[in-house]
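Reckoned from all heavy atoms, side chains included, excluding hydrogens, waters and symmetry mates. Counting from 1, the numbers follow the sequence of the chain as shown.
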Amino acid sequence: MYALFSTIDLALQTYTCILIANAIFSWLCAFNIINQHNQAIRIISIFLYQTTEPVLRSVRRVLPNLGAIDISPIVLFLIIYFIQIFMWRTIYPMVS
């Protein structure tokens, strides 16, 4: 059972890293620090968008419209943190 919970935790941590990379990448693109016409940058951009946007879109549907401020990544970080804490402190002690 420990292996299953560790694998789920690793997947959640990996997705958190991808969310952070997406946020940093979007800032770099917004401030024209990186060249968006570069093929490697375009591939990274597509990967980050396709892995994060479906989940962020579902979070945005629930949140109120705040105009130009997008707090969906922050809410998603909190949801992932809650899942991790709930999994390790509530579910795992009951099944082990």
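- I20 places a side-chain heavy atom less than 4.5 Å from the side chain of F77.
- Rounding to the nearest 0.5 Å places CE of M87 at 9.0 Å from CD1 of I85.
- Linking ILVMFWY residues whenever their side-chain heavy atoms come closer than 4.5 Å, directly or via other members, leaves L19 and Y49 in distinct clusters.
- Rounding to the nearest 0.5 Å gives a distance of 12.5 Å between CZ of F82 and CG of L12.
- Y15 places a side-chain heavy atom less than 4.5 Å from the side chain of T52.
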Kindly indicate, with the supporting measurements, whether the criterion side-chain contact (heavy atoms from CB on, under 4.5 Å) is fulfilled by L56 and N22. CA-CA 11 Å; L56 289 173; N22 185 38; 4.2 Å; yes
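- Atom CZ of R57 has more than 12 neighbouring heavy atoms from other residues, nucleotides or ligands inside a 6.0 Å radius.
- Ring geometry for W88 against Y2 counts as tilted: the plane angle lies between 30° and 60°, on a 0 to 90° scale.
- Side-chain atoms of T51 come within 3.5 Å of backbone atoms of L48 as a donor-acceptor pair (strictly under, hydrogens ignored).
- Between S96 and M1, every side-chain heavy-atom pair lies at or beyond the 4.5 Å cut-off.
- Criterion: ILVMFWY side-chain heavy atoms under 4.5 Å apart, direct or through other members. Under it, I8 and Y81 are not part of a common hydrophobic cluster.
- At a threshold of 4.5 Å between side-chain heavy atoms, the hydrophobic network of Ile, Leu, Val, Met, Phe, Trp and Tyr places I83 and F86 in one connected group.
- Under a hydrophobic clustering in which Ile, Leu, Val, Met, Phe, Trp and Tyr are joined whenever their side-chain heavy atoms come within less than 4.5 Å, directly or via other members, F31 and I69 fall into the same cluster.
- A donor-acceptor pair is defined here as one N or O able to donate and one able to accept, closer than 3.5 Å; no such pair exists between the side chain of S45 and the backbone of I41.
- Here the OG atom belonging to S72 is positioned 10.0 Å from the CD1 atom belonging to I79, to the nearest 0.5 angstrom.
- Annotation: L66, atom CG; neighbour count of heavy atoms from other residues, nucleotides and ligands within 6.0 Å is above 12.
- One finds the CD atom of Q36 at 10.0 Å from the CG atom of L28 (value rounded to the nearest 0.5 Å).
- For the atom pair CG (D9) and CD1 (I80), the distance works out to 10.5 Å, reported to the nearest 0.5 Å.
- Interatomic distance, CD1 of I18 versus CZ of F47, reported as 4.5 Å (0.5 Å rounding).
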Could you go step by step and tell me if F5 and I91 meet the side-chain contact (heavy atoms from CB on, under 4.5 Å) rule? CA-CA 10 Å; F5 281 90; I91 299 173; 3.6 Å; yes
